[in-house]
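Worksheet: the structure to be examined is printed underneath.
Chain identifiers are assigned alphabetically (A, B, ...) following the order of the sequence lines, protein sequences preceding nucleic acid strands; residue numbering begins at 1 within each chain. Just so you know, these numbers use all the heavy atoms, side chains as well, and skip hydrogens, waters and symmetry mates.
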There are 2 protein chains.
Amino acid sequence: MADGMAMPKPAPRGRDAEATRAAIIAAARAEFAAKGLSGARVDDIAARTRTTKPAIYYHFGSKEDLYRVVLEEAYAGMREVERGLDLDSLPATEAMRRLVEVSFDYHAAHPDWVRLVSIENIHDAVHLAGSASVADRNANVIGVLGALLARGEREGVFRPGIDPLELHLMISSLCFYRVSNRHTWGAIFGRDLQAAEHVASQRRMVVEAVLRYLRPD
Amino acid sequence: MADGMAMPKPAPRGRDAEATRAAIIAAARAEFAAKGLSGARVDDIAARTRTTKPAIYYHFGSKEDLYRVVLEEAYAGMREVERGLDLDSLPATEAMRRLVEVSFDYHAAHPDWVRLVSIENIHDAVHLAGSASVADRNANVIGVLGALLARGEREGVFRPGIDPLELHLMISSLCFYRVSNRHTWGAIFGRDLQAAEHVASQRRMVVEAVLRYLRPD
DNA sequence: GTCTATAAATGGATAGAC
DNA sequence: GTCTATCCATTTATAGAC
């Protein structure tokens, strides 16, 4: 257990490669989210770390490759949350409410992730296209939603004929837009969508919209 | 009526200042929508026109000022559509359906506008903040929605207590996201949201979602 | 008002020492 | 693996002729 200060180097600047990489990724994520892929400056990414520009190129090769890594890691973060959901123990309606609330809260709590996704769409998702970990994301959410829809239908609380992918589109739209477009919204309508009083109301609206959409009759 | 070829100049390149300005704006709109503000190149904007770079700087001063003009004109285009709606002659439910369908169709038909709005949000809407014509947009849509909600409530087809701004948020989310995020969506789920067969289904979903949200129960 | 040519600055990327 | 110093392509913007 005690490794007796077995670290070989006292580390004047960067400790080890892994720590440096992580620091660069964190800095790059902030920079890319703030200014986009084209707007981001490698110099500014370096300035956000304790290392320098050549370290970035040594570890990641190019600005674009670094962006790719940042994007990949950002999506990985969301996968964690999706896995942590235990929906089977709840009635279908409550499970759906919980799923929507978790999605709403995740988007609200991670505006940087929302911005990165927006930015990637401006680039026609070309950097995501070649990603390995994308395929696995595919099945998971839709599978969970599909199973929940089927269960709710059996329980008689959801109407039949709902496409899981289309429902996911509905939920994502309602959770994403209010974060991604909050700035133009604020400029046009003068309402801050992130103000605490409005967030709670919108959260209720989104849950209500989804549940009413699924309710039979 | 016949102006007898009264045009003073045969116009070898640019005819008049107004035509040149319009051509530059159109080219700039395409370039900015394709690559974003930082990614856009003034050289490429010039290449999309029959004029050259100095003409751009002569007419607009700077790349950023040109972007501002493009953004302003893009928003003006959407105002036209909103004004062309005659909702008073329809029952409240049908009027709401029509309003949602028009919004859906406008977003679907103008992906460039959607991209420009996304881009402006990445820039925290700083270019829209100082815009003169933004304020007038404010009142219009929300006023129309508020009046329609009040009428529907009187007719007993909408439930009370709906905030017009929040309803507009809901409609915009459902119409915007499927266009703005179609590329990451395609990369992750392998479904083209713009494919004709899916568009019709999503259009029904959006209308249904809104009407069910408003329906008393 | 519009062009050719060019200035001035920025910014991605690397050489070479340690 | 990480630094200092620098290269060089790109790109915004303008000078000056017509």
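The distance from atom CZ of A:Phe32 to atom CD1 of B:Ile122, rounded to the nearest 0.5 Å, is 13.0 Å. Between atom NE2 of residue A:His183 and atom CD1 of residue A:Ile188 there is a gap of 13.0 Å, rounded to the nearest 0.5 Å.
With rounding to whole Å, A:Ile56 atom CD1 is found 16 Å from D:dG1 atom P. Note: CG (B:Leu66) to C1' (D:dT12) measures 13 Å, nearest angstrom. Following rounding to the nearest Å, B:Phe60 (CZ) and C:dT2 (P) show an atom-to-atom distance of 11 Å. As a whole-Å value, the separation of B:Tyr67 OH from D:dT12 P is 15 Å. Straight-line distance from the CZ atom of B:Arg50 to the C1' atom of C:dC3: 16 Å, rounded to whole Å. One atom, CD1 of A:Ile24, and another, P of D:dG1, lie 12 Å apart when rounded to the nearest Å.
Here A:Arg29 pairs with nothing under the salt bridge (Lys or Arg N to Asp or Glu O under 4.0 Å) rule; sequence neighbours left out. Taking the salt bridge (Lys or Arg N to Asp or Glu O under 4.0 Å) definition, one finds that A:Glu208 meets it with A:Arg212, sequence neighbours left out. For B:Asp192, the salt bridge (Lys or Arg N to Asp or Glu O under 4.0 Å) criterion is met by no residue, not counting sequence neighbours. Residues meeting the salt bridge (Lys or Arg N to Asp or Glu O under 4.0 Å) test with B:Arg21, sequence neighbours left out: none.
Of the residues in residues 26-38 of chain B, none lies under 4.0 Å from DNA chain D by heavy-atom distance.
Summarising the local packing, CD of B:Glu18 is surrounded by 12 or fewer heavy atoms from other residues, nucleotides or ligands at distances under 6.0 Å.
At least one side-chain nitrogen or oxygen of A:Thr20 sits closer than 4.0 Å to the OP1 or OP2 atom of D:dT2. Regarding contacts with the backbone of D:dA13, a side-chain N or O of B:Tyr57 is found under 4.0 angstrom from either OP1 or OP2. Contact annotation: A:Thr52 side-chain N/O to D:dC3 OP1/OP2 distance is under 4.0 Å.
A donor atom on one side chain and an acceptor atom on the other are found under 3.5 Å apart for A:Ser131 and A:Glu72.
Side-chain proximity of A:Pro54 to D:dC3, D:dA13, C:dT2: nearest is D:dC3. Of the candidate nucleotides C:dC3, D:dC3, C:dG1, C:dG1 has the atom nearest to the side chain of B:Tyr58.
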Taking only N/O atoms, report every protein-nucleotides 7-11 of chain D pair under 3.5 Å with atom names and distance.
residue: D:dT11; atom: OP1; partner: B:Arg41; partner atom: NE; Å: 2.5
residue: D:dT11; atom: OP1; partner: B:Arg41; partner atom: NH2; Å: 3.4
residue: D:dT11; atom: O5'; partner: B:Arg41; partner atom: NE; Å: 3.3

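Considering A:Leu71, A:Asp65, A:Val70 as possible partners of A:His127, the one that fulfils the side chain to side chain contact (heavy atoms under 4.5 Å, CB included) test is A:Leu71.
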